[in-house]
Amino acid sequence: MNILNTVFRIFRRDLHSVGIIGAPFAKGQPRDGVQLGPDVIREAGLVKKLEGQGCVVKDYGNLIFEEVSNDEAFRRTKQPRAVGLANKQVADAVQRVKSDGHTCVMLGGDHSLAIGSIHGHAACRPKLSVVWVDAHADINTPLTSPTGNIHGQPMSYLIHELCNKIPVMPNFSWIKPCIAAKDVVYIGLRDVDPEEHYILKHLGIKTFSMTEVDRFGITKVMEQTCDHIFSKIKKPIHLSYDIDALDPSVAPATGTPVIGGLTYREGIYITEYVYQTGLLSALDVVEVNPKRAKREEEVHRTASAAVDLVLGCFGRVREGSHPADYKIPEP
(Lines give C-alpha, C1' and ligand atoms only; values in the text may rest on other atoms or scores of the structure.)
Protein backbone atom coordinates (compact mmCIF):
# COMPACT_ATOMS: atom_id res chain seq x y z
CA MET A 1 0.00 0.00 0.00
CA ASN A 2 2.84 2.40 0.74
CA ILE A 3 4.25 1.72 -2.74
CA LEU A 4 0.90 2.53 -4.33
CA ASN A 5 0.64 5.77 -2.37
CA THR A 6 4.12 6.70 -3.54
CA VAL A 7 3.14 6.06 -7.16
CA PHE A 8 0.10 8.26 -6.82
CA ARG A 9 2.16 11.03 -5.25
CA ILE A 10 4.37 11.03 -8.34
CA PHE A 11 1.32 12.07 -10.34
CA ARG A 12 0.14 14.61 -7.79
CA ARG A 13 -0.51 18.02 -9.23
CA ASP A 14 1.94 20.70 -8.22
CA LEU A 15 0.27 23.37 -6.16
CA HIS A 16 0.13 26.70 -7.98
CA SER A 17 -0.22 30.04 -6.27
CA VAL A 18 -2.37 32.29 -8.43
CA GLY A 19 -2.96 36.02 -7.93
CA ILE A 20 -5.87 37.50 -9.88
CA ILE A 21 -6.24 41.18 -10.81
CA GLY A 22 -9.37 42.53 -12.48
CA ALA A 23 -8.81 45.50 -14.79
CA PRO A 24 -12.23 46.78 -15.89
CA PHE A 25 -10.97 49.26 -18.48
CA ALA A 26 -12.29 50.05 -21.97
CA LYS A 27 -10.69 53.26 -23.18
CA GLY A 28 -8.01 51.67 -25.30
CA GLN A 29 -10.74 51.01 -27.88
CA PRO A 30 -14.17 52.42 -28.82
CA ARG A 31 -16.64 49.67 -27.84
CA ASP A 32 -18.46 49.82 -24.53
CA GLY A 33 -18.72 46.64 -22.48
CA VAL A 34 -15.19 45.26 -22.37
CA GLN A 35 -14.84 46.78 -18.89
CA LEU A 36 -17.32 44.09 -17.77
CA GLY A 37 -14.96 41.30 -18.80
CA PRO A 38 -13.28 40.63 -15.43
CA ASP A 39 -16.54 40.11 -13.57
CA VAL A 40 -18.08 38.01 -16.35
CA ILE A 41 -15.05 35.68 -16.25
CA ARG A 42 -15.22 35.43 -12.48
CA GLU A 43 -18.97 34.72 -12.61
CA ALA A 44 -18.22 31.78 -14.90
CA GLY A 45 -16.58 30.11 -11.88
CA LEU A 46 -12.91 30.96 -12.36
CA VAL A 47 -11.78 31.01 -8.73
CA LYS A 48 -13.75 27.95 -7.63
CA LYS A 49 -12.54 25.93 -10.62
CA LEU A 50 -8.92 26.92 -10.07
CA GLU A 51 -9.20 25.87 -6.43
CA GLY A 52 -10.89 22.67 -7.53
CA GLN A 53 -7.83 21.67 -9.51
CA GLY A 54 -5.48 22.30 -6.61
CA CYS A 55 -4.48 25.95 -7.00
CA VAL A 56 -4.12 28.35 -4.10
CA VAL A 57 -5.90 31.51 -5.28
CA LYS A 58 -5.80 35.08 -4.05
CA ASP A 59 -8.21 37.41 -5.85
CA TYR A 60 -7.01 40.98 -5.42
CA GLY A 61 -10.30 42.32 -6.78
CA ASN A 62 -10.79 44.96 -9.44
CA LEU A 63 -8.65 48.01 -9.88
CA ILE A 64 -10.52 51.31 -9.74
CA PHE A 65 -9.58 53.64 -12.58
CA GLU A 66 -9.87 57.40 -12.37
CA GLU A 67 -11.90 59.39 -14.85
CA VAL A 68 -9.64 61.64 -16.90
CA SER A 69 -11.09 64.92 -18.15
CA ASN A 70 -9.97 66.80 -21.25
CA ASP A 71 -8.35 63.69 -22.68
CA GLU A 72 -7.79 65.04 -26.17
CA ALA A 73 -6.22 62.88 -28.83
CA PHE A 74 -2.46 63.07 -29.25
CA ARG A 75 -2.18 63.40 -33.00
CA ARG A 76 -4.27 60.36 -33.98
CA THR A 77 -3.92 58.46 -30.72
CA LYS A 78 -7.14 58.45 -28.69
CA GLN A 79 -7.49 58.89 -24.92
CA PRO A 80 -3.74 58.67 -24.15
CA ARG A 81 -4.01 60.17 -20.66
CA ALA A 82 -6.61 57.66 -19.46
CA VAL A 83 -4.77 54.72 -21.02
CA GLY A 84 -1.38 55.81 -19.67
CA LEU A 85 -2.71 56.33 -16.15
CA ALA A 86 -4.63 53.03 -16.13
CA ASN A 87 -1.60 51.09 -17.28
CA LYS A 88 0.53 52.59 -14.52
CA GLN A 89 -2.00 51.21 -12.03
CA VAL A 90 -1.92 47.81 -13.72
CA ALA A 91 1.90 47.78 -13.70
CA ASP A 92 1.99 48.56 -9.98
CA ALA A 93 -0.63 45.89 -9.26
CA VAL A 94 1.22 43.22 -11.24
CA GLN A 95 4.43 44.07 -9.40
CA ARG A 96 2.59 43.63 -6.10
CA VAL A 97 1.18 40.24 -7.13
CA LYS A 98 4.58 39.03 -8.32
CA SER A 99 6.27 40.32 -5.16
CA ASP A 100 3.74 38.30 -3.16
CA GLY A 101 5.01 35.18 -4.93
CA HIS A 102 2.06 34.41 -7.22
CA THR A 103 1.67 33.68 -10.89
CA CYS A 104 -0.26 36.77 -11.97
CA VAL A 105 -3.52 36.54 -13.91
CA MET A 106 -4.71 39.88 -15.26
CA LEU A 107 -8.32 39.87 -16.44
CA GLY A 108 -9.16 42.66 -18.88
CA GLY A 109 -10.44 44.94 -20.08
CA ASP A 110 -9.04 45.75 -23.47
CA HIS A 111 -5.62 44.72 -24.73
CA SER A 112 -4.02 48.13 -24.17
CA LEU A 113 -3.67 46.91 -20.56
CA ALA A 114 -0.87 44.57 -21.63
CA ILE A 115 1.40 47.62 -21.58
CA GLY A 116 1.10 47.79 -17.81
CA SER A 117 0.88 44.06 -17.26
CA ILE A 118 4.10 43.25 -19.13
CA HIS A 119 5.87 46.37 -17.83
CA GLY A 120 5.04 45.49 -14.22
CA HIS A 121 6.04 41.87 -14.79
CA ALA A 122 9.38 42.87 -16.32
CA ALA A 123 10.10 45.09 -13.32
CA CYS A 124 10.14 41.90 -11.21
CA ARG A 125 11.48 39.50 -13.86
CA PRO A 126 13.77 41.63 -16.07
CA LYS A 127 14.34 38.90 -18.67
CA LEU A 128 10.99 37.85 -20.07
CA SER A 129 9.66 36.03 -23.09
CA VAL A 130 6.24 37.04 -24.40
CA VAL A 131 3.83 34.71 -26.17
CA TRP A 132 1.11 36.88 -27.73
CA VAL A 133 -1.98 34.94 -28.84
CA ASP A 134 -4.24 37.17 -30.89
CA ALA A 135 -5.97 37.67 -34.22
CA HIS A 136 -4.14 41.02 -34.36
CA ALA A 137 -0.49 41.97 -33.95
CA ASP A 138 -1.20 45.06 -31.80
CA ILE A 139 2.20 46.47 -32.76
CA ASN A 140 1.22 49.68 -34.54
CA THR A 141 3.01 52.73 -33.24
CA PRO A 142 1.11 55.96 -32.49
CA LEU A 143 2.35 57.19 -35.88
CA THR A 144 1.32 54.14 -37.94
CA SER A 145 -2.01 53.28 -36.32
CA PRO A 146 -4.90 53.65 -38.78
CA THR A 147 -7.47 53.96 -35.97
CA GLY A 148 -5.63 55.67 -33.12
CA ASN A 149 -6.94 53.04 -30.69
CA ILE A 150 -4.21 52.08 -28.22
CA HIS A 151 -5.42 48.48 -27.89
CA GLY A 152 -3.88 48.06 -31.35
CA GLN A 153 -0.52 49.45 -30.18
CA PRO A 154 0.63 47.94 -26.85
CA MET A 155 3.60 45.93 -28.10
CA SER A 156 5.18 48.97 -29.76
CA TYR A 157 5.68 50.66 -26.37
CA LEU A 158 7.37 47.61 -24.86
CA ILE A 159 9.90 46.47 -27.49
CA HIS A 160 13.40 47.92 -27.20
CA GLU A 161 13.93 48.10 -30.95
CA LEU A 162 10.95 50.45 -31.43
CA CYS A 163 11.80 52.97 -28.72
CA ASN A 164 12.93 55.62 -31.21
CA LYS A 165 9.63 55.30 -33.11
CA ILE A 166 7.44 56.26 -30.15
CA PRO A 167 6.66 59.96 -29.57
CA VAL A 168 6.41 61.34 -26.05
CA MET A 169 2.75 61.18 -25.06
CA PRO A 170 0.93 62.48 -21.97
CA ASN A 171 0.94 59.98 -19.08
CA PHE A 172 3.28 57.64 -20.97
CA SER A 173 6.64 58.97 -19.76
CA TRP A 174 6.89 56.23 -17.09
CA ILE A 175 6.98 53.47 -19.74
CA LYS A 176 10.41 52.11 -20.59
CA PRO A 177 10.88 49.40 -23.25
CA CYS A 178 11.43 46.08 -21.51
CA ILE A 179 11.18 43.33 -24.15
CA ALA A 180 13.53 42.35 -26.96
CA ALA A 181 12.00 41.53 -30.35
CA LYS A 182 13.71 38.13 -30.34
CA ASP A 183 11.83 37.19 -27.15
CA VAL A 184 8.36 37.67 -28.67
CA VAL A 185 6.28 35.07 -30.50
CA TYR A 186 2.85 35.68 -32.04
CA ILE A 187 0.28 32.91 -32.54
CA GLY A 188 -3.05 33.12 -34.35
CA LEU A 189 -2.56 36.21 -36.53
CA ARG A 190 -5.06 36.75 -39.32
CA ASP A 191 -5.87 40.49 -39.39
CA VAL A 192 -2.61 42.46 -39.56
CA ASP A 193 -2.25 46.01 -40.90
CA PRO A 194 0.31 46.63 -43.69
CA GLU A 195 2.38 48.81 -41.36
CA GLU A 196 2.41 46.01 -38.80
CA HIS A 197 3.54 43.51 -41.43
CA TYR A 198 6.50 45.79 -42.13
CA ILE A 199 7.35 46.18 -38.42
CA LEU A 200 7.18 42.44 -37.77
CA LYS A 201 9.38 41.64 -40.77
CA HIS A 202 11.82 44.49 -40.08
CA LEU A 203 12.32 43.36 -36.47
CA GLY A 204 12.44 39.67 -37.36
CA ILE A 205 9.71 38.79 -34.86
CA LYS A 206 8.62 35.16 -34.89
CA THR A 207 4.99 34.86 -35.99
CA PHE A 208 2.54 32.05 -36.63
CA SER A 209 -0.45 33.15 -38.65
CA MET A 210 -3.52 30.97 -38.89
CA THR A 211 -2.23 29.83 -42.28
CA GLU A 212 0.84 28.45 -40.50
CA VAL A 213 -1.28 26.92 -37.74
CA ASP A 214 -3.19 25.10 -40.49
CA ARG A 215 0.00 24.12 -42.30
CA PHE A 216 2.04 22.86 -39.34
CA GLY A 217 -0.62 21.98 -36.78
CA ILE A 218 -0.75 23.47 -33.31
CA THR A 219 1.70 20.91 -31.84
CA LYS A 220 4.45 21.93 -34.25
CA VAL A 221 3.65 25.61 -33.73
CA MET A 222 4.13 25.25 -29.98
CA GLU A 223 7.31 23.21 -30.38
CA GLN A 224 8.76 25.89 -32.65
CA THR A 225 7.57 28.64 -30.29
CA CYS A 226 9.47 27.13 -27.38
CA ASP A 227 12.50 26.30 -29.51
CA HIS A 228 12.62 29.97 -30.46
CA ILE A 229 12.14 31.61 -27.07
CA PHE A 230 14.32 29.07 -25.26
CA SER A 231 17.09 28.94 -27.87
CA LYS A 232 19.70 30.35 -25.46
CA ILE A 233 18.21 30.60 -21.99
CA LYS A 234 14.90 29.60 -20.42
CA LYS A 235 13.14 32.82 -19.46
CA PRO A 236 9.86 33.31 -17.58
CA ILE A 237 6.88 33.42 -19.93
CA HIS A 238 4.30 36.18 -20.09
CA LEU A 239 1.31 34.79 -21.98
CA SER A 240 -0.94 37.54 -23.31
CA TYR A 241 -4.14 35.96 -24.62
CA ASP A 242 -6.73 37.97 -26.52
CA ILE A 243 -10.00 36.05 -26.58
CA ASP A 244 -10.45 37.04 -30.25
CA ALA A 245 -7.60 34.66 -31.11
CA LEU A 246 -10.29 32.00 -30.84
CA ASP A 247 -12.72 31.64 -33.71
CA PRO A 248 -15.96 33.62 -33.20
CA SER A 249 -17.85 30.31 -33.14
CA VAL A 250 -15.99 29.60 -29.88
CA ALA A 251 -15.79 33.11 -28.39
CA PRO A 252 -18.29 35.44 -30.07
CA ALA A 253 -18.55 38.08 -27.31
CA THR A 254 -15.57 40.22 -28.22
CA GLY A 255 -15.02 43.59 -29.84
CA THR A 256 -13.10 42.72 -33.01
CA PRO A 257 -13.92 39.14 -33.99
CA VAL A 258 -12.22 37.68 -37.07
CA ILE A 259 -13.43 34.46 -38.65
CA GLY A 260 -11.00 31.61 -39.22
CA GLY A 261 -9.47 31.61 -35.76
CA LEU A 262 -8.20 28.99 -33.36
CA THR A 263 -10.53 26.14 -32.52
CA TYR A 264 -11.35 25.50 -28.89
CA ARG A 265 -8.95 22.56 -28.87
CA GLU A 266 -6.10 24.54 -30.46
CA GLY A 267 -6.65 27.43 -28.09
CA ILE A 268 -6.56 25.21 -25.03
CA TYR A 269 -3.58 23.25 -26.30
CA ILE A 270 -1.51 26.46 -26.32
CA THR A 271 -2.16 26.94 -22.62
CA GLU A 272 -1.45 23.30 -21.83
CA TYR A 273 1.85 23.44 -23.67
CA VAL A 274 2.90 26.63 -21.88
CA TYR A 275 1.98 24.99 -18.58
CA GLN A 276 4.20 22.00 -19.36
CA THR A 277 7.23 24.30 -19.70
CA GLY A 278 6.92 25.15 -16.00
CA LEU A 279 7.88 28.75 -16.85
CA LEU A 280 4.55 30.58 -16.95
CA SER A 281 4.93 33.64 -14.73
CA ALA A 282 2.03 35.88 -15.78
CA LEU A 283 -1.09 35.66 -17.91
CA ASP A 284 -3.41 38.22 -19.50
CA VAL A 285 -6.91 37.26 -20.64
CA VAL A 286 -8.48 40.24 -22.38
CA GLU A 287 -11.19 41.55 -24.72
CA VAL A 288 -14.17 39.59 -23.39
CA ASN A 289 -17.06 41.98 -24.09
CA PRO A 290 -20.54 40.76 -23.08
CA LYS A 291 -22.22 43.72 -24.80
CA ARG A 292 -21.03 42.45 -28.20
CA ALA A 293 -23.00 39.22 -27.79
CA LYS A 294 -26.24 38.76 -29.67
CA ARG A 295 -27.61 36.33 -27.09
CA GLU A 296 -26.89 35.58 -23.45
CA GLU A 297 -25.68 32.12 -24.48
CA GLU A 298 -22.82 33.79 -26.40
CA VAL A 299 -21.71 35.58 -23.24
CA HIS A 300 -21.62 32.28 -21.32
CA ARG A 301 -19.79 30.53 -24.15
CA THR A 302 -17.11 33.23 -24.33
CA ALA A 303 -16.66 33.49 -20.57
CA SER A 304 -16.44 29.71 -20.25
CA ALA A 305 -13.76 29.63 -22.94
CA ALA A 306 -11.83 32.32 -21.06
CA VAL A 307 -12.04 30.31 -17.83
CA ASP A 308 -10.85 27.16 -19.62
CA LEU A 309 -7.84 29.03 -21.02
CA VAL A 310 -6.83 30.02 -17.50
CA LEU A 311 -7.39 26.49 -16.18
CA GLY A 312 -5.21 25.10 -18.95
CA CYS A 313 -2.39 27.38 -17.83
CA PHE A 314 -2.46 25.79 -14.38
CA GLY A 315 -2.58 22.13 -15.19
CA ARG A 316 -6.16 21.19 -15.95
CA VAL A 317 -6.30 17.64 -17.25
CA ARG A 318 -8.67 17.08 -20.17
CA GLU A 319 -8.33 13.29 -20.14
CA GLY A 320 -10.45 12.96 -17.01
CA SER A 321 -10.01 13.10 -13.27
CA HIS A 322 -6.46 13.40 -11.99
CA PRO A 323 -5.01 10.71 -9.70
CA ALA A 324 -4.56 13.36 -7.04
CA ASP A 325 -8.33 13.55 -6.79
CA TYR A 326 -8.39 10.12 -5.21
CA LYS A 327 -7.16 8.59 -1.99
CA ILE A 328 -6.31 4.95 -1.59
CA PRO A 329 -8.27 3.63 1.36
CA GLU A 330 -6.30 2.41 4.30
CA PRO A 331 -6.60 -1.35 5.04
Side-chain angles (χ1 to χ4, degrees), residues 21-31 34-35 63-98 104 106 108-126 128 130 132 134 136-181 183-184 193 195-196 198-200 202-203 205 238 240 242 255-256 282 284 286-287:
I21 301 167
F25 184 78
K27 293 186 177 178
Q29 51 82 64
R31 297 172 181 85
V34 74
Q35 72 276 11
L63 297 172
I64 298 173
F65 299 108
E66 298 177 25
E67 285 295 322
V68 178
S69 58
N70 301 319
D71 197 2
E72 297 178 359
F74 178 85
R75 300 182 186 179
R76 285 180 291 180
T77 302
K78 300 169 184 174
Q79 305 197 84
R81 295 162 188 82
V83 175
L85 184 62
N87 272 289
K88 183 64 169 72
Q89 289 180 248
V90 171
D92 292 343
V94 169
Q95 278 190 257
R96 184 167 64 252
V97 172
K98 291 305 300 175
C104 183
M106 188 276 285
D110 70 64
H111 217 165
S112 71
L113 297 166
I115 298 170
S117 182
I118 294 174
H119 199 283
H121 189 187
C124 300
R125 305 287 187 274
L128 284 181
V130 175
W132 191 277
D134 201 328
H136 313 89
D138 294 350
I139 200 171
N140 271 302
T141 72
L143 304 181
T144 67
S145 172
T147 65
N149 299 320
I150 299 179
H151 80 154
Q153 305 173 24
M155 284 301 295
S156 71
Y157 300 95
L158 298 166
I159 294 178
H160 290 292
E161 291 88 341
L162 288 174
C163 66
N164 62 349
K165 305 296 183 184
I166 306 298
V168 178
M169 299 202 308
N171 285 0
F172 274 67
S173 61
W174 62 273
I175 299 171
K176 309 299 178 189
C178 54
I179 301 294
D183 294 325
V184 178
D193 296 327
E195 296 86 353
E196 292 180 302
Y198 175 82
I199 292 169
L200 292 169
H202 177 69
L203 297 183
I205 293 176
H238 188 111
S240 199
D242 189 320
T256 49
D284 309 324
V286 299
E287 298 285 356

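Quick caveat, the model's predicted, so the values are computed rather than measured. Heads up: numbering here begins at 1 and tracks the sequence.
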N-O pairing of D92 and K88 below 4.0 Å: yes
Examine distances only and state if a side-chain atom of D71 and a backbone atom of R81 form a donor-acceptor pair shorter than 3.5 Å. yes
Answer yes or no: is there a side-chain heavy-atom contact under 4.5 Å between H119 and I175? yes
What I'd like to find out is whether the side chain of H238 reaches to under 4.5 Å of the side chain of S117, using heavy atoms alone. yes
Examine distances only and state if a side-chain atom of R76 and a backbone atom of T147 form a donor-acceptor pair shorter than 3.5 Å. no
Note, P30 side chain near N149 side chain (heavy atom, < 4.5 Å): yes
Classify the side-chain pair D134/H111 by whether it contains a donor and acceptor separated by less than 3.5 Å. yes
Which atom pair, heavy atoms only, marks the closest approach of A23 to V90? CB-CG2, 4.3 Å
Intermediate values then yes/no, side-chain contact (heavy atoms from CB on, under 4.5 Å), I205 and W132: CA-CA 11 Å; I205 293 176; W132 191 277; over 6 Å; no
Can you measure from CD1 (I139) to OH (Y198) and round to the nearest 0.5 angstrom? 12.5 Å
Counting distance only, does the side-chain N/O of E161 pair as donor-acceptor with the main-chain N or O of A180 below 3.5 Å? no
Between P154 and H151 the two heavy atoms that sit nearest each other are CD-O, 3.4 Å
Distance in Å, N171 CG paired with F74 CZ, rounded so as to fall on 0.5 Å steps: 12.0 Å
Would you indicate whether the side-chain heavy atoms of P142 and Y157 approach each other to under 4.5 Å? yes
Restricting to non-hydrogen atoms, name the atom on G152 and the atom on E196 that form the minimum distance, rounded to 0.1 Å. O-OE2, 3.9 Å
Can any side-chain N or O of D284 pair as donor or acceptor with the backbone N or O of A114 at less than 3.5 Å? no
Validation row: C178, L128 side chains within 4.5 angstrom (heavy atoms): no
Interatomic spacing from OG in S145 to NZ in K78 - rounded to 0.5 Å: 8.0 Å
Could you please spell out the steps behind the side-chain contact (heavy atoms from CB on, under 4.5 Å) verdict for F172 and I115? CA-CA 10 Å; F172 274 67; I115 298 170; 4.2 Å; yes
Okay, side chain of D110, backbone of G28: is any donor-acceptor separation there less than 3.5 Å? yes
d(I179 CD1, L162 CG) to nearest 0.5 Å is 12.5 Å
Is the closest side-chain heavy-atom distance between L143 and R75 below 4.5 Å? yes
Rounded at 0.5 Å granularity, tell me how far CD in E72 sits from CD in Q79. 12.0 Å
Under the criterion side-chain contact (heavy atoms from CB on, under 4.5 Å), I'd like the reasoning laid out for R31 against E287: C-alpha separation, chi angles, the key distance, then a yes or no. CA-CA 10 Å; R31 297 172 181 85; E287 298 285 356; over 6 Å; no
Show your reasoning for whether side-chain contact (heavy atoms from CB on, under 4.5 Å) applies to V130 and L158. CA-CA 11 Å; V130 175; L158 298 166; over 6 Å; no
Kindly indicate whether the side chain of T144, heavy atoms from C-beta on, has any atom under 4.5 Å from the side chain of Q153. no
Specify the closest pair of heavy atoms between A82 and F25, including all atoms of both residues, with the distance to one decimal. O-CZ, 3.7 Å
Atom pair CD (Q95) and CZ (R125), whose distance is rounded to the nearest 0.5 Å: 11.0 Å
Over all atoms of both residues, closest heavy-atom pair of T141 and K165: CB-O, 4.2 Å
Minimum heavy-atom separation for I21 and C104, please, with both atom names. CD1-SG, 3.7 Å
